[in-house]
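Hydrogens, waters and symmetry mates play no part in the numbers below; they use all other heavy atoms, side chains included. Starting from 1, each residue takes its place in the sequence as its number.
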Amino acid sequence: MKQTEVLGLGKTGNQTVPGRDETPGMRLLRTQWPLMLIAAILSLFATACEMLLLTDHLSFSFHYAFRFVIYTLFLFSLFYAGDRLLDRFSAKQADNEQGRVQGHIELKGQHHFEFPLTRRGFLGSLGVIYLCWLPYLILTYPGVIWYDTQQQLQQFFGIPNVFGDGSHLSDHHPVFDTLIFGSFVKFGHLIGSGNAGVFLYAIVQSLITASVLALTVLYLRRIGVPRQLCKATMLFFALFPIFPMYSSAMAKDAVFLPYFLLFSLCFVETARTKGDFLRNPWALTAFIVFAVLMALTKKTGLYVVIVACLFLPFFLPKGRRIRAFLPAIITALVMMVALPKVVFPIAGIQEGGKQEVLGIAFQQSARLLREHPNEVGPQDKETIYKVLGRDVDKRYEWWATDSVKGYTWSDEQNKHLGEYMKVWVRNLAEHPVSYVETYLALEQGWLGAPTVTKDGRLHNVANIYALGAAHGFPEAEQLGVAVHRDPSGPKLLQDSMDWLAGTFFGALPFSRALWATWIPVFLVYECLRRRRERFAWLLPMLATFLFLWVSPTSATIEGVRYLVPMIYVAPLSLACLLTHRVQNPLV
């Protein structure tokens, strides 16, 4: 037998012709095997997470093997459709580029939406987005206050809270956010009521975020994203409920989002222009300011800046790398030196505890004592108890670490932390499956498909938070933000969005895994396959992606807060695959 026949090459007479004997299925397998492999890996995790959600343990069964096959076929179909669409857009873009004068937009003046980077273009996009958001602001009047924000407001006004007796501020949640929230409520008191301050905050914060989203649409058009896709992006920002609800909420993530997007815009422009953008002092200053504001408004913002800026210089020519890393250096100095060593001691602000960083490890120890109490040695148990308390196994909840880690950290706990870490490592070697189950259960929202449990609850969807903790806490009267209103508006909004997320057509766009894992993995694959040099454009998204995997929850409504930045930055990340023109920097 000829070697060519062994390799599966077809024959014509005495000659061999590659692929002549291939069936369409074989050809698809040969050309698309990376997408199939990616789909299979993600489906394996999705199946495991569904198994944990429904049975609390990992075990093989033919039912879940069948589910794995279904998930694999679905994800491959999704990725393959995306791949074909990108091919079509790329071909159309290549045709449009022929004969175009560089730097000019084709068919100018023949469309209602040209998205020019001008005041008129900005106000037009902002108007469309904000008008579509207004019904949400009206229905949720005076606004939605999250649980963490309750504690921050209590600190601001000197009311006892879970972090102390109210005599001082705590940096458990960013002090910068606490001052913003408290200032708006305090201003509300001056003009009539705390509720007025909450509503004013909702208007101002959503207007700031909508402005940044409008600027993002114009930026996408300027760098060459097709006009139709820019229009689709604008409508996505305007109509997808996640945007108005998480842009107006009184929560630290809402304050963080516009600065994260502005930082990402500066980042992409720096990568796109090979560092030329930062040669302008004002551009460099803006890049640094947005990075610092990211860190001031959300704890993980510091680490997103460091990780993204750490890898950016590798994509830039020599001589332009130091400026690209300056935002990370200055942000680290502010957050790790200036604030904790100078500002906090002077202002009497208490630093956040270590329990936030160690939440996953504590969660694993709690489940270990619940599942294998007789297999953990007495000394190991005692060490765990000294750090986490003797009832830690009873406080274990698979969906969040709060009950296990608590909200405060004492010197006594800190004294036993070193020994605890040795115990944690030792039990990891002895009970790896328990540790894996704990971790996957905690982070399953980022991997699992929308699933209905036996009690009829729908999990793993990125639902909105129209009701939540809005003014329903006991201290609301003291803060002047108690609301005596007809709850039918927020409830109608909440029920409508929950229903939509549970429908056949709503399940995919509201899926947490879609935004947390499926889209980022697909973008990395496509970028490396098509435009490897533009991988740098994805770094802000990928840095955010990394910190999803140390989230203290992914299944609860609180978990959506950690996911929202991925949704906001997705269109900008997708631009690395949809642009052809290379233009001068913006400034």
**Message:** Test side chain to side chain donor-acceptor pair (under 3.5 Å) on Glu397 and Ser403; report intermediate values, then the result.
**Reply:** CA-CA 7 Å; Glu397 296 170 336; Ser403 295; 3.0 Å; yes
**Prompt:** Sub-3.5 Å donor-acceptor pair from the side chain of Gln444 to the main-chain atoms of Ser554, do we have one?
**Reply:** no
**Message:** Donor-acceptor pair, distance only, cut-off 3.5 Å: does the side chain of Gln155 make one with the backbone of Asn161?
**Reply:** no
**Prompt:** Is there a donor-acceptor pair closer than 3.5 Å between any side-chain N or O of Thr331 and the backbone N or O of Ala328?
**Reply:** no
**Message:** Tell me whether Asp177 is salt-bridged to Lys298, with the criterion being a basic N under 4.0 Å from an acidic carboxylate O.
**Reply:** no
**Asked** Would you call the rings of Tyr201 and Phe181 parallel, tilted or perpendicular if under 30° counts as parallel and over 60° as perpendicular?
**Response** perpendicular
**Item:** Option passing side chain to side chain contact (heavy atoms under 4.5 Å, CB included) with Ile288 (candidates Ile330, Ile329, Leu293)
**Value:** Ile330
**Prompt:** Does a salt bridge link Glu356 with Lys405, judged by any charged N lying under 4.0 Å from a carboxylate O?
**Reply:** yes
**Prompt:** Under the criterion ring pair (Phe, Tyr, Trp, His ring centres under 6.0 Å), which of Phe243, Phe260, Phe237 is the partner of Tyr568?
**Reply:** Phe243
**Message:** Pairing donors with acceptors under 3.5 angstrom, does anything connect the side chains of Tyr219 and Glu269?
**Reply:** yes
**Request:** Indicate the ring-plane relationship of Tyr420 and Phe362, choosing parallel, tilted or perpendicular according to the 30° and 60° boundaries.
**Result:** perpendicular
**Prompt:** Between the side chain of Trp515 and the main-chain N/O of Pro509, is any donor-acceptor distance below 3.5 Å?
**Reply:** yes
**Item:** Option passing ring pair (Phe, Tyr, Trp, His ring centres under 6.0 Å) with Phe263 (candidates Phe290, Phe256, Phe287)
**Value:** Phe287
**Prompt:** Looking only at atom types and distance, does a side-chain atom of Gln205 sit under 3.5 Å from a main-chain N or O of Ala254, one as donor and one as acceptor?
**Reply:** yes
**Prompt:** Do we get Lys394 above Tyr396's six-membered ring, with its NZ or CZ under 6.0 Å from the centre and within 45° of the axis?
**Reply:** no
**Request:** Scan Tyr136, Trp133, Tyr130 and name whichever one has a side-chain hydrogen bond (donor to acceptor under 3.5 Å, both in side chains) with Ser206.
**Result:** Tyr130
**Request:** Might you confirm whether atom CG of Leu134 has over 12 heavy atoms from other residues, nucleotides or ligands at distances under 6.0 Å?
**Result:** yes
**Message:** Can you tell me if Phe122 has over 12 outside heavy atoms packed within less than 6.0 Å of its CZ?
**Reply:** yes
**Message:** Has Arg512 got a side-chain atom pairing as donor or acceptor with Trp446's backbone, closer than 3.5 angstrom?
**Reply:** no
**Fill in**
Only residue of Gln152, Lys299, Lys252 satisfying side-chain hydrogen bond (donor to acceptor under 3.5 Å, both in side chains) with His173 is Lys252
**Request:** Could you grab the distance from atom CG of Leu388 to atom OG of Ser365, nearest 0.5 Å is fine?
**Result:** 6.0 Å
**Asked** How are the rings of Phe199 and Tyr141 set relative to one another: parallel (under 30°), tilted (30 to 60°) or perpendicular (over 60°)?
**Response** perpendicular
